[in-house]
Visitor: 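For reference, the structure I am asking about is given below.
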Amino acid sequence: KNPNEPPLVFHWFPVIGSTITYGMDPPRFFKENRKKFGDIFTFVLLGKKTTVYVGPTGNDFILNGKLKDVNTEEIYTVLTTPVFGKDVVYDCPNSKLMEQKKFMKIALTTKAFQSYVPIISDEVNNYLKRSPDFKGKSGVVNISKSMAQITIFTASHSLQGSEIRNKFDESLADLYHDLDMGFTPVNFMLHWAPLPWNKRRDHAQRTIAKIYMDTIKERRAAGKSDSSDIMWHLMNSSYKNGVKVPDHEIAHMMIALLMAGQHSSSSTSSWIMLRLASRPDIVEALYREQVENLGADLPPLTYEDLSKLPLNQAIIKETLRLHAPIHSILRAVKSPMPVPGTKYVIPTSHNLLAAAGVSASDPDYFPEPDLWEPTRWNKDSPIAPRMVSSVEDEEKIDYGYGLVSKGANSPYLPFGAGRHRCIGEQFANVQLQTITAMVVRQFKLRNVDGSDKVIDTDYASLFSRPLEPANIYWEKRE
Ligand code: HEM
Ligand SMILES: N#Cc1ccc(COc2ccc(/C=C/c3ccc(C(F)(F)[C@](O)(Cn4cnnn4)c4ccc(F)cc4F)nc3)cc2)cc1
């Protein structure tokens with residue numbers, strides 16, 4: 001027992017260590033060990049000593065770690081590069097990733113969002129009109145499947161452009177599925193293995209990348225330059241060293257954005273629908289909110305309307321508090337890291353794991369943490385969040401892709417923090433708020449058994465999501 005290292009979680013076998021108990025239910029694993037050891041402890045994950053540091057201080061220690069101390073690409077590249085393609089995100093130096101995030105973020109503007117809201121609304125309405133699962137006056141539906149469809153159509157049409165959207169009706173859907181099978185945590189270990197799903201993944205990656213590169217050529221030949229989608233911005237971007245972004249990097253960034261947007265949004269939108277079904281009273285409050293703020297005739301939704309619907313906005317915030325798609329953020333340790341306020345020095349033989357979700361369900365910050373109550377985000381709510389907001393939190397810092405808040409010592413970080421912070425937060429909110437508002441217009445929702453229960457979480461995949469099948473009862477509003 002080394003006094004300079006955090007306490008080690010007991011385990012029977014080497015390599016396996018605590019992988020199974022952690023992998024089955026990470027939040028429970030964190031909570032149990034936090035009770036035993038406090039905010040910082042080490043466990044063995046797939047043979048690697050992994051030091052967890054939870055709470056706002058832990059979030060800041062890991063997410064605001066210096067480039068010389070913590071490294072992200074070393075850990076994630078085995079998982080992401082075979083899926084996205086080479087030379088982008090974690091297959092290049094961090095400085096290049098910062099420039100790539102700047103390019104991607106440039107396209108995510110208010111003007112773009114204004115054009116995205118009608119696109120997303122129409123895609124939701126068309127899906128609900130056409131889908132066999134929503135025929136008739138009422139019924140039961142596996143909501144995860146519907147949300148996966150709705151998010152791929154809405155994200156591809158808005159973020160990726162209409163050519164790509166239309167290809168999802170043909171070959172792209174199956175190719176996307178093959179690519180997706182390679183996006184699994186088991187590949188942290190077996191990414192190299194010539195397993196059947198890895199061969200399908202590689203074939204799908206090459207084929208999808210080619211579809212994007214052909215689309216880029218078609219657009220260049222046509223000389224169109226009016227679109228506000230991300231592909232156009234990437235086609236007209238150059239790195240600081242003057243080099244234009246190569247076509248294969250554009251294609252690979254588009255795949256990365258498709259994967260990011262799809263998994264996070266389909267998981268979150270499924271949880272939103274499941275939570276709404278457990279609270280039919282909230283569904284009716286959302287409907288009333290639209291009638292009162294937009295008019296009883298419910299005109300077509302606009303981007304500006306979204307800020308007139310505070311309860312609708314709070315739905316996403318509260319759902320992400322309890323159902324963050326990314327439950328564990330990993331970093332490699334590159335130089336020994338002394339932990340302020342303790343005698344610990346984290347050695348380079350360890351990985352670091354930030355679990356921001358732990359403080360998001362800590363009663364010290366969120367009274368009655370396990371209660372899904374969107375109205376808690378109203379200022380006068382008796383169970384309002386008790387956030388730490390020190391003055392440094394208001395300070396901002398720019399890593400090369402825009403200003404992000406300096407302090408990561410917040411108890412609520414579903415989009416991460418620091419240099420690797422998410423750039424998709426605004427898009428995700430526009431997409432999720434629009435989907436929620438459009439579904440509420442058409443349906444009353446409740447659980448099949450009329451209870452207020454919510455299904456358990458599947459942590460086996462890369463993004464935590466509802467266990468399948470997740471059925472709910474819908475009823476068309478007359
Ligand atoms: C509910 C939706 C989403 C959630 C909860 C979410 C969450 C996160 C988190 C926690 C990180 C930090 C990862 C780390 O530090 O290792 C992150 C990074 C990122 N996300 Fe998202 N994300 C969402 C949607 C999106 C969307 C829609 C896009 C693209 C349009 C996107 C693109 C990215 C990118 C490019 C990064 C940067 C990774 C890095 O710098 O290493 N995300 N996201
Ligand atoms: N055996 C076994 C076994 C082992 C372990 C376990 C459980 O252990 C763990 C541990 C850690 C993790 C981490 C999740 C993780 C990390 C990175 C990414 C990402 F990089 F992909 C992403 O951030 C995703 N993203 C961002 N925003 N939206 N999506 C991203 C970034 C940029 C980008 F452009 C595209 C992106 F999409 N995705 C997910 C998951 C499970 C179970 C079983």
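No hydrogens, no waters, no symmetry mates; every other heavy atom, side chains included, goes into these values. Whatever order the structure lists ligands and atoms in, that order sets their numbers, starting from 1.
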Visitor: Would you find a donor on one side and an acceptor on the other, under 3.5 Å apart, between the side chain of His11 and the backbone of Ser18?
Guide: no
Visitor: Keeping waters out of it, list the protein N, O or S atoms under 2.8 Å from atom 21 (Fe) of ligand 1.
Guide: Cys422 SG
Visitor: Side chain, backbone, both or neither: which part of Leu353 has a heavy atom under 4.0 Å from ligand 2?
Guide: neither
Visitor: Just distances here: any N/O of Tyr76 and N/O of ligand 2 closer than 3.5 Å?
Guide: no
Visitor: Any atoms of ligand 2 less than 4.0 Å from a non-hydrogen atom of Leu330? List them with their elements.
Guide: 10 (C), 11 (C)
Visitor: Could you check whether any side-chain heavy atom of Ile315 comes within less than 4.5 Å of a side-chain heavy atom of Leu276, counting everything from C-beta outward?
Guide: yes
Visitor: Which residue from Ala256, Gly23, Ser265 reaches closest to atom 35 (C) of ligand 2 through any of its heavy atoms?
Guide: Ala256
Visitor: Step by step, would you call Arg275 with Glu318 a salt bridge (Lys or Arg N to Asp or Glu O under 4.0 Å)?
Guide: CA-CA 10 Å; Arg275 285 287 182 181; Glu318 182 67 349; over 6 Å; no
Visitor: Under 3.5 Å, side chain of Thr19 to main-chain N/O of Leu46, donor-acceptor pair present?
Guide: yes
Visitor: Can you tell me which residue and heavy atom of the protein come closest to atom 40 (O) of ligand 1, and the distance to 0.1 Å?
Guide: Lys101 NZ, 2.7 Å
Visitor: When rounded to the nearest 0.5 angstrom, what distance separates CG in Leu274 from CD1 in Ile472?
Guide: 6.0 Å
Visitor: Which bit of Leu257 is near ligand 2, meaning a heavy atom under 4.0 Å away: side chain, backbone, both or neither?
Guide: neither
Visitor: So which protein heavy atom does atom 31 (C) of ligand 2 come closest to, and at what separation?
Guide: Tyr90 OH, 3.9 Å
Visitor: Looking at atom 16 (O) of ligand 1, what's its closest protein heavy atom, distance included?
Guide: Arg331 NH1, 3.1 Å
Visitor: Measuring from atom 33 (C) of ligand 2, which candidate in Phe183, Phe84, Phe188, Tyr459 has the nearest non-hydrogen atom?
Guide: Phe84
Visitor: What protein heavy atom sits nearest atom 38 (N) of ligand 2, and how far off is it?
Guide: Phe463 CZ, 3.6 Å
Visitor: Is there a donor-acceptor contact under 3.5 Å from the side chain of Asp305 to the main chain of Thr302?
Guide: yes
Visitor: What atoms of ligand 2 come closer than 4.0 angstrom to any heavy atom of Leu462?
Guide: 14 (C), 39 (C), 40 (C)
Visitor: Applying a 4.0 Å heavy-atom criterion (strictly less than), which segment of Leu159 is in contact with ligand 1: side chain, backbone, both, or neither?
Guide: side chain
Visitor: Among Lys102, Lys244, Glu249, whose side-chain hydrogen bond (donor to acceptor under 3.5 Å, both in side chains) with Tyr239 holds?
Guide: Glu249
Visitor: I need the nearest protein heavy-atom contact for atom 10 (C) of ligand 2: residue, atom name and distance, please.
Guide: Tyr22 OH, 3.5 Å
Visitor: Any nitrogen or oxygen of Thr268, side chain or backbone, less than 3.5 Å from one on ligand 1?
Guide: no
Visitor: Is any side-chain heavy atom of Thr151 closer than 4.5 Å to one of Ile435?
Guide: yes
Visitor: Decide yes or no for Glu5 and Thr42: does some side-chain heavy atom of the first lie under 4.5 Å from some side-chain heavy atom of the second?
Guide: no
Visitor: Looking only at non-hydrogen atoms, which of Ala460, Ala260, Pro185 approaches atom 28 (N) of ligand 2 most closely?
Guide: Ala260
Visitor: So that I can tick it off, tell me whether Arg28 and Glu32 are bridged by a salt bridge, with the cut-off set at under 4.0 angstrom between side-chain N and carboxylate O.
Guide: yes
Visitor: If you define the side chain from C-beta out and look only at heavy atoms, does anything of Val339 sit under 4.5 Å from Phe61?
Guide: yes
Visitor: For atom 29 (C) of ligand 1, what is the nearest protein heavy atom, given as residue, atom name and distance?
Guide: Leu257 CD2, 3.6 Å
Visitor: Mark yes when over 12 heavy atoms from residues, nucleotides or ligands other than Phe13 sit less than 6.0 Å from its CZ; otherwise mark no.
Guide: no
Visitor: Give the residue, atom name and distance (to 0.1 Å) of the protein heavy atom nearest atom 7 (C) of ligand 1.
Guide: Pro414 O, 3.4 Å
Visitor: Given side chains that start at C-beta, do those of Met231 and Ile164 come closer than 4.5 Å, heavy atoms only?
Guide: yes
Visitor: Under 4.0 Å from ligand 2, counting heavy atoms only, is it the side chain of Leu46, its backbone, both or neither?
Guide: side chain
Visitor: With the side chain counted from C-beta on, respond yes when Arg34 and Asp39 share a heavy-atom pair under 4.5 Å apart, and no when they do not.
Guide: yes
Visitor: State the atoms of ligand 1, each with its element, that fall below the 4.0 Å cut-off from a heavy-atom position in Gly261.
Guide: 27 (C)
Visitor: Side chains of Val454 and Trp372: closer than 4.5 Å at any heavy-atom pair?
Guide: no
Visitor: Under 4.0 Å from a heavy atom of Tyr76: give me the atoms of ligand 1 that qualify, with their elements.
Guide: 16 (O)
Visitor: Determine whether a donor-acceptor pair (N or O, by modelled atom type, separation under 3.5 Å) exists between the side chain of Arg421 and the backbone of Leu63.
Guide: no
Visitor: Identify, for atom 22 (C) of ligand 2, the protein heavy atom at the shortest distance, and state residue, atom and that distance.
Guide: Ile326 CD1, 4.6 Å
Visitor: Which atoms of ligand 2 sit under 4.0 Å from any heavy atom of Thr80?
Guide: 20 (F), 21 (F)
Visitor: Heavy-atom distances under 4.0 Å decide this one: backbone, side chain, both or neither, for Leu97 against ligand 1?
Guide: side chain
Visitor: Do you see a protein non-hydrogen atom under 4.0 Å from atom 14 (C) of ligand 2?
Guide: yes
Visitor: Looking at Arg465 and Asp458, would you say the former's side chain and the latter's main chain have a donor-acceptor pair under 3.5 Å?
Guide: no
Visitor: Do we see a donor-acceptor contact under 3.5 Å between the side chains of Thr154 and Glu123?
Guide: no
Visitor: Taking atom NZ of Lys31 as the centre, does the number of heavy atoms from other residues, nucleotides or ligands within less than 6.0 Å exceed 12?
Guide: no
Visitor: Look at atom 12 (C) of ligand 2 and say which protein heavy atom is nearest, naming residue and atom and giving the distance to 0.1 Å.
Guide: Ser328 O, 3.7 Å
Visitor: If you measure from each non-hydrogen atom of Pro325 to ligand 1, which part falls under 4.0 Å: side chain, backbone, both or neither?
Guide: side chain
Visitor: How close does the nearest protein non-hydrogen atom get to atom 38 (C) of ligand 1, and which residue and atom is it?
Guide: Tyr90 OH, 3.3 Å
Visitor: Identify the closest protein heavy atom to atom 13 (C) of ligand 1: which residue and atom is it, and at what distance?
Guide: His420 O, 4.0 Å
Visitor: Check each heavy atom of Val89 against ligand 2 and say whether those closer than 4.0 Å belong to the side chain, the backbone, both or neither.
Guide: side chain
Visitor: Side-chain contact test, heavy atoms from C-beta onward, threshold under 4.5 Å: evaluate it for Glu468 versus Ile455 and give yes or no.
Guide: no
